[in-house]
Trainee: 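Mind looking over this structure? Questions follow.
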Amino acid sequence: MEEAWLCQWSTIRSLVAILQWWGFNVTVIIMNKWIFQKLDFKFPLTVSCIHFICSAIGAYIAIKVLKVKPLISVDPEDRWRRIFPMSFVFCINIVLGNVSLRYIPVSFMQTIKSFTPATTVVLQWLVWRKYFDWRIWASLIPIVGGILLTSVTEMSFNMLGFCAALFGCLATSTKTILAESLLHGYKFDSINTVYYMAPFATMILAVPAMLLEGNGVLDWLHTHQFVCSSLIIIFGSGVMAFCLNFSIFYVIHSTTAVTFNVAGNLKVAVAVLVSWSIFRNPISMLNAVGCAITLLGCTFYGYVRHLLSQQPPGTPRTPRTPRSRMELLPLVNDKLDDKV
């Protein structure tokens with residue numbers, strides 16, 4: 001009886017974790033798009049900077065005041081030698097995501113972000129000469145094919161937004177690769193990651209934001225009709241961005257790897273549907289098919305990774321792959337890069 005109750009509680013906790021993760025993630029995406037499109041606040045650097053400020057304050061409160069997680073101690077030298085480069089790439093990743101949201105629909109942006117597993121594998125193969133099981137490469141075919149079909153048939157295609165989203169995938173993959181080498185020896189959770197990286201990211205982004213967008217922001221403040229309510233939405237998106245990071249930590253510890261992967265891809269579908277219902281951006285049938293193929297490919301990729309991770313030691317390798325250079329899995333979980 002007690003075991004059945006524990007099983008039911010575990011299932012309920014996993015479901016709640018996934019739903020609140022979906023809620024925060026979709027809310028952040030929709031709020032950012034609303035800020036750029038409806039509020040006419042076309043300053044992605046400033047929005048990103050506000051997100052980092054809110055995340056830094058939120059992480060400080062969570063660790064220092066509420067003591068939700070213990071603070072992971074990092075040597076001052078390592079903060080500049082290891083965490084600062086990660087923060088720089090982290091900053092580029094978030095800025096490119098917000099730039100893409102300004103110019104292309106959420107559905108297109110989210111589909112392109114699903115390209116991240118492919119860029120991670122390719123970069124590790126090119127830069128670090130990592131070798132992967134043939135099933136990993138096969139799982140990337142529907143992802144790449146779906147992205148190509150979606151891009152060709154996108155009715156609201158914008159080259160700047162497309163390039164920003166694509167280079168955002170590369171930045172995410174670079175951060176994934178750097179995390180293994182730069183943060184070696186530090187077992188960071190998402191809250192500690194934000195605690196250390198958000199202040200650096202704010203420092204990196206503050207000057208460019210003021211120089212490139214400062215005058216535009218001042219003009220917007222003087223000419224916009226509903227400044228107070230708009231600022232509440234803008235800073236509210238920053239609070240939601242921090243909550244998203246916290247929800248990622250919760251969902252990772254409440255679900256299995258397979259559930260997390262499938263839920264991540266379903267989350268993209270939910271974001272696309274919610275965005276379409278609000279902004280009514282045109283989506284052709286072939287575009288929707290391309291998006292579906294990409295999400296199925298991502299699910300298959302996650303399934304293959306899970307199968308390979310479950311193989312016992314001594315499992316025969318693929319004959320074509322040198323045993324000493326075999327690498328079954330990417331370094332870290334790509335799906336953790338939903339941080340905003």
Side-chain angles (χ1 to χ4, degrees), residues 21-58 90-113 156 158 160-165 167-168 171-172 194 198 201-202 204-206 208-247 267-268 270-282 337-340:
W21 174 43
W22 282 6
F24 285 127
N25 192 278
V26 174
T27 300
V28 169
I29 294 171
I30 298 301
M31 287 183 75
N32 287 352
K33 187 64 178 179
W34 187 276
I35 289 168
F36 295 130
Q37 184 170 321
K38 301 295 185 180
L39 302 184
D40 201 35
F41 191 83
K42 302 183 183 300
F43 310 106
L45 295 180
T46 303
V47 171
S48 300
C49 195
I50 291 173
H51 283 191
F52 290 134
I53 292 172
C54 293
S55 294
I57 295 173
F90 180 56
C91 184
I92 293 175
N93 177 36
I94 301 305
V95 170
L96 288 174
N98 284 332
V99 170
S100 66
L101 272 178
R102 175 183 171 182
Y103 292 102
I104 59 177
V106 172
S107 56
F108 192 29
M109 178 263 197
Q110 285 288 290
T111 305
I112 297 174
K113 276 184 68 68
S156 303
N158 178 279
L160 180 58
F162 172 78
C163 291
F167 281 108
T172 298
V194 174
T202 303
I204 293 168
L205 196 57
M210 287 188 292
L211 292 178
L212 298 176
E213 299 179 348
N215 291 332
V217 172
L218 292 176
D219 291 338
W220 181 87
L221 289 172
H222 285 101
T223 58
H224 193 68
Q225 190 174 1
F226 306 103
V227 174
C228 290
S229 58
S230 298
L231 287 177
I232 291 174
I233 295 175
I234 293 171
F235 280 92
S237 71
V239 174
M240 290 294 104
F242 167 74
C243 292
L244 171 60
N245 286 285
F246 191 83
S247 69
K267 178 262 300 174
V268 175
V270 171
V272 170
L273 291 174
V274 173
S275 170
W276 179 83
S277 66
I278 294 176
F279 299 103
R280 296 292 178 176
N281 54 286
D337 294 300
D338 283 317
K339 299 183 182 71
V340 177

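Position 1 is the first residue of the sequence, and the numbers go up from there. Predicted model, so just to flag it, every value in this text is computed and none were measured.
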Trainee: Where is the tightest heavy-atom contact between A164 and V99, given as atom of each residue plus distance?
Mentor: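 Here A164 and V99 meet closest at CB-CG1, 3.8 Å.
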
Trainee: With rounding to the nearest 0.5 Å, note down the distance linking CG in N93 to NZ in K113.
Mentor: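 If I round to the nearest 0.5 Å, the distance is 5.5 Å.
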
Trainee: Could you give me the CA-CA distance, side-chain angles and deciding distance for H51 and V47, then say whether side-chain contact (heavy atoms from CB on, under 4.5 Å) is met?
Mentor: CA-CA 6 Å; H51 283 191; V47 171; 3.8 Å; yes

Trainee: Between V194 and F52, is any pair of side-chain heavy atoms under 4.5 Å apart?
Mentor: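 No, their side chains stay 4.5 Å or more apart.
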
Trainee: Is there a donor-acceptor contact under 3.5 Å from the side chain of R102 to the main chain of K42?
Mentor: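 Yes, R102 side chain to K42 backbone: donor-acceptor pair under 3.5 Å.
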
Trainee: Quick one: are Y103 and M109 in side-chain contact, heavy atoms under 4.5 Å?
Mentor: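 No, side chains not in contact.
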
Trainee: So, taking the atom named SG in C228 and the one named CD1 in I233, what distance separates them when rounded to the nearest 0.5 Å?
Mentor: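 Rounded to the nearest 0.5 Å, the SG-CD1 separation comes to 11.5 Å.
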
Trainee: So which atom in V106 and which in A271 form the shortest heavy-atom distance, rounded to 0.1 Å?
Mentor: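 In this case the closest contact between V106 and A271 is CG1-O, 4.2 Å.
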
Trainee: Between S237 and I35, does the side-chain contact (heavy atoms from CB on, under 4.5 Å) criterion hold? Intermediate values first, please.
Mentor: CA-CA 9 Å; S237 71; I35 289 168; 3.6 Å; yes

Trainee: Please name the pair of heavy atoms, one in C91 and one in I204, separated by the smallest distance, quoted to 0.1 Å.
Mentor: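 Residues C91 and I204, closest heavy atoms: SG-CG2, 4.3 Å.
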
Trainee: Check each of N281, N158, T111 against I104 using the side-chain contact (heavy atoms from CB on, under 4.5 Å) test, and report the only one that passes.
Mentor: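 Exactly one candidate clears the test, N158.
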
Trainee: Does any part of the side chain of K267, heavy atoms only, come nearer than 4.5 Å to the side chain of Q110, both counted from C-beta?
Mentor: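 Result yes, sub-4.5 Å side-chain heavy-atom pair found.
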
Trainee: What do you reckon, is CH2 of W34 surrounded by more than 12 foreign heavy atoms closer than 6.0 Å?
Mentor: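 No, not enclosed.
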
Trainee: Would you say D219 has more than 12 foreign heavy atoms packed within less than 6.0 Å of its CG?
Mentor: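 More than 12 heavy atoms, drawn from other residues, nucleotides or ligands, come within 6.0 Å of this atom.
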
Trainee: Describe, in one word, how the ring planes of F226 and H224 are oriented to each other, choosing from parallel (under 30°), tilted (30 to 60°) and perpendicular (over 60°).
Mentor: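 F226 and H224: perpendicular rings.
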
Trainee: Do the side chains of F242 and I57 get nearer than 4.5 Å, heavy atoms only?
Mentor: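 In short, these two side chains do not touch, never coming nearer than 4.5 Å.
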
Trainee: Which heavy atom of T27 sits nearest to which heavy atom of G23, and what is that distance?
Mentor: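 Minimum heavy-atom separation between T27 and G23: OG1-O, 2.5 Å.
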
Trainee: Is it the case that atom CZ in F167 sees more than 12 heavy atoms from other parts of the structure closer than 6.0 Å?
Mentor: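 No, because the 6.0 Å sphere around CZ of F167 holds 12 heavy atoms or fewer from other groups.
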
Trainee: I'd like to check I30 versus S275 (side-chain heavy atoms, cut-off strictly below 4.5 Å). Are they in contact?
Mentor: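 Yes, their side chains come closer than 4.5 Å.
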
Trainee: Tell me the closest heavy-atom pair linking F43 and V217, and the distance in Å.
Mentor: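 Smallest heavy-atom distance, with atoms named: CZ-N, 3.7 Å.
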
Trainee: Do P44 and L101 touch side chain to side chain, with heavy atoms closer than 4.5 Å?
Mentor: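 Counting from C-beta outward, P44 and L101 never come under 4.5 Å.
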
Trainee: What I want to check is whether the side chains of S48 and N98 have a donor and an acceptor closer together than 3.5 Å.
Mentor: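 Note: S48 and N98 side chains meet the donor-acceptor criterion.
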
Trainee: Could you report the tightest heavy-atom contact between S100 and G161, atom names first, then the distance?
Mentor: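 What the structure gives for the nearest pair is CB-O, 3.4 Å.
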
Trainee: On the 0 to 90° scale, with breaks at 30° and 60°, tag the F108-F162 ring pair as parallel, tilted or perpendicular.
Mentor: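 Parallel.
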
Trainee: Taking side-chain contact (heavy atoms from CB on, under 4.5 Å) as the definition, give me every residue that meets it alongside L212, ordered by chain and number, with sequence neighbours left out.
Mentor: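 Partners of L212 under the side-chain contact (heavy atoms from CB on, under 4.5 Å) test: L45.
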
